[in-house]
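As structure tokens, the structure follows; a few thoughts come after it.
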Amino acid sequence: STLQKDCFDDDPVIRGLALRSLCSVRVKDLTEYVVDPLKKGLADSTPYVRKTAVMGCLKLYITSPETAKSFRVNEQLLNMVRDRDPQVVANSMYVLNEIFISTGGLTLDHKTIVHLLNRMRDFNDWAQCMLLEVVSRHEPKDQSELIDIMNLLETRLRSTNCGVILAITKVFLHLTVEIPKLHKQVFSRLRAPIITHMASAGPELAFSCLQHIKLLVNRNPEVFQSDYKRFFVRVNDPAYTKQIKMDILVELVTDEPTSLAAIVQEIQHNCQDLNEVVSKHAVSKVGDVASKLTPEHRGQVFSRLVGMLEKSKAPVLNAAIKAIVTSLRKYPDTAGEVVPALQKLICENHG
């Protein structure tokens with residue numbers, strides 16, 4: 001009774017705190033006492049009370065879904081998505097996402113999405129990422145709707161937040177996946193911001209950017225081929241970053257002599273890394289490079305693998321033998337160069 005009374009207090013802070021406390025009493029038999037304060041809270045003139053009431057709707061839904069449905073929580077919150085306060089909008093999207101999680105999450109109509117994207121500058125980074133997650137589930141009816149969304153997001157590619165950039169990347173790729181020409185243009189547009197964030201972020205965020213770049217490279221390696229030096233390993237890179245950078249370098253390999261020599265030399269340099277996992281991964285990547293080349297250039301890379309059979313530590317030696325055996329199965333024509341080196345190694349160690 002005291003909490004109910006405080007929900008109608010003149011002070012908005014007291015109203016908000018009382019409503020939050022009342023909704024936190026998650027006893028099913030008491031939910032009937034929560035409905036009226038929630039109704040008033042959703043229509044309150046103070047944003048603090050409204051955003052508290054929105055979160056209270058989720059607590060009500062968890063405690064008593066039947067009461068929430070009779071209260072028509074979904075309809076109430078869908079109206080709140082157009083609230084004038086950005087934090088109320090963010091809370092509404094979060095709660096609706098939780099409510100619709102069993103059906104894939106919140107989806108909005110095109111008109112509402114355009115309205116929210118026009119207000120995107122008002123939202124904090126967390127709310128922007130959540131909005132973009134909702135946009136990524138949107139299916140435009142025609143190409144004009146698609147262009148509207150992409151034009152509105154274009155300016156947000158200058159965001160300083162890595163999460164926002166990656167979320168926009170997901171939206172762009174989802175929207176254009178059925179339009180090959182536009183899809184290819186998207187890769188070119190995303191290249192600069194995502195590489196910039198990869199180079200300037202900490203190791204954890206850089207790894208997340210690299211994972212996205214790896215997916216983009218798998219789809220369209222030509223866009224990133226001129227930036228192959230950006231993926232050279234740094235001394236202070238963690239082991240997981242070194243490995244994914246080498247994975248990307250392999251995908252960027254071409255028959256162009258300068259870039260090929262630089263990439264192979266970079267990967268081979270990591271074969272002597274102090275971390276055994278990194279060194280073994282590097283050896284396997286040298287073999288992968290060979291598999292992507294024409295017979296004319298393949299021999300140069302195989303000679304590097306054969307060279308690792310001499311004066312290499314046990315982990316590198318074992319990885320090199322494994323890579324050579326795998327390559328022999330794929331390309332039997334290299335046996336004349338590789339088998340004598342393996343024979344020599346066996347004789348020296350077991351002669």
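Here, residue 1 is the first one in the sequence, and each next residue gets the next number. Basis for what follows: all heavy atoms, side chains included, without hydrogens, waters or symmetry-related copies.
The ring-ring contact (aromatic ring centres under 6.0 Å, His included) check on His110 picks up His138, with sequence neighbours excluded. By the salt bridge (charged side-chain N to carboxylate O under 4.0 Å, His left out) test, Arg191 pairs with Asp227, sequence neighbours left out. Evaluation of the side chain to side chain donor-acceptor pair (under 3.5 Å) rule for Asp10 yields no partner, not counting sequence neighbours. Residues meeting the ring-ring contact (aromatic ring centres under 6.0 Å, His included) test with Phe71, sequence neighbours left out: none. Scanning for ring-ring contact (aromatic ring centres under 6.0 Å, His included) contacts around Tyr240 gives Phe207, with sequence neighbours left out.
Following chains of ILVMFWY side-chain contacts shorter than 4.5 Å, one can reach Leu96 starting from Val114, so the two form part of one hydrophobic cluster. Both Ile244 and Phe231 are members of a single hydrophobic cluster when ILVMFWY side chains are connected at heavy-atom separations under 4.5 Å. Under the 4.5 Å side-chain heavy-atom criterion for ILVMFWY residues, no single connected hydrophobic cluster contains both Leu38 and Ile14. Criterion: ILVMFWY side-chain heavy atoms under 4.5 Å apart, direct or through other members. Under it, Ile194 and Leu173 are part of a common hydrophobic cluster. The cluster map of Ile, Leu, Val, Met, Phe, Trp and Tyr, joined by side-chain heavy atoms under 4.5 Å apart, puts Ile213 and Leu215 in different clusters.
For the pair Val278 and Ala239, the tightest heavy-atom approach, listed with the atom from each and the gap, is CG2-CB, 3.7 Å. Scanning all heavy atoms of the two residues, the minimum distance from Phe123 to Leu116 falls at CE1-O, 3.8 Å. Among all heavy-atom pairs drawn from Thr254 and Ser259, the shortest one is OG1-OG, 3.5 Å. Annotation for His197 and Cys209: closest pair CB-SG, 4.1 Å, computed over non-hydrogen atoms. The minimum heavy-atom distance between Cys23 and Val34, with the atom names listed, is SG-CG1, 3.7 Å.
Atom OH of Tyr48 is surrounded by more than 12 heavy atoms from other residues, nucleotides or ligands within 6.0 Å. Annotation: Arg82, atom CZ; neighbour count of heavy atoms from other residues, nucleotides and ligands within 6.0 Å is above 12. The local environment of CD in Gln265 is sparse, with at most 12 non-hydrogen atoms from other residues, nucleotides or ligands closer than 6.0 Å. Within 6.0 Å of NE2 in His269 there are 12 or fewer heavy atoms belonging to other residues, nucleotides or ligands.
Side chain of Asp109 to main chain of Thr112: a donor-acceptor pair is present (N/O by atom type, distance under 3.5 Å, no hydrogens or angles).
For the pair Asn97/Val134, a side-chain contact is recorded, criterion being any heavy-atom separation below 4.5 Å from C-beta on. Here the side chains of Leu132 and Leu153 are in contact, with some heavy-atom distance below 4.5 Å. Looking only at side-chain heavy atoms (C-beta outward), Phe224 and Ile248 stay at 4.5 Å or farther from each other. Residues Leu216 and Val223 are not in side-chain contact: their nearest non-hydrogen atoms beyond the backbone lie 4.5 Å or more apart. Taking 4.5 Å as the limit, some side-chain heavy atom of Arg84 sits within range of a side-chain heavy atom of Arg50. Side-chain contact between Glu266 and Leu249 is present, with at least one heavy-atom pair separated by less than 4.5 Å. Looking at heavy atoms from C-beta onward, Arg137 lies in side-chain contact with Leu106 at the 4.5 angstrom threshold. Residues Tyr61 and Thr67 form no side-chain contact, since every pair of their non-hydrogen atoms from C-beta on lies 4.5 Å or further apart.
Between the side chains of Gln87 and Asn91, at least one donor N or O lies within less than 3.5 Å of an accepting N or O. A donor atom on one side chain and an acceptor atom on the other are not found under 3.5 Å apart for Asn161 and Ser159.
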So Lys69 and Glu66, salt bridge (Lys or Arg N to Asp or Glu O under 4.0 Å) or not? Walk me through it.
CA-CA 5 Å; Lys69 289 175 183 177; Glu66 300 82 8; over 6 Å; no
Applying side chain to side chain contact (heavy atoms under 4.5 Å, CB included) to Asn270 and Lys285, what does each step give before you reach the verdict?
CA-CA 10 Å; Asn270 290 290; Lys285 292 296 116 176; over 6 Å; no
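Note on Lys51 versus Asp85: no salt bridge recorded, every NZ/NE/NH1/NH2 to OD/OE distance being 4.0 Å or above.
Here the straight-line distance linking atom CG of Leu152 with atom CZ of Arg119 works out to 14.0 Å at 0.5 Å rounding. The NZ atom of Lys39 lies 10.5 Å from the CG atom of Leu42; values are rounded to the nearest 0.5 Å. A distance of 9.5 Å separates CD1 of Ile168 from CZ of Arg189, quoted to the nearest 0.5 Å.
When each of Ile147, Asp142, Leu146 is tested with Ser144 by the rule side chain to side chain contact (heavy atoms under 4.5 Å, CB included), just one qualifies, namely Asp142.
The list of salt bridge (charged side-chain N to carboxylate O under 4.0 Å, His left out) pairs with a residue in residues 162-178, not counting sequence neighbours, reads Glu133-Lys170.
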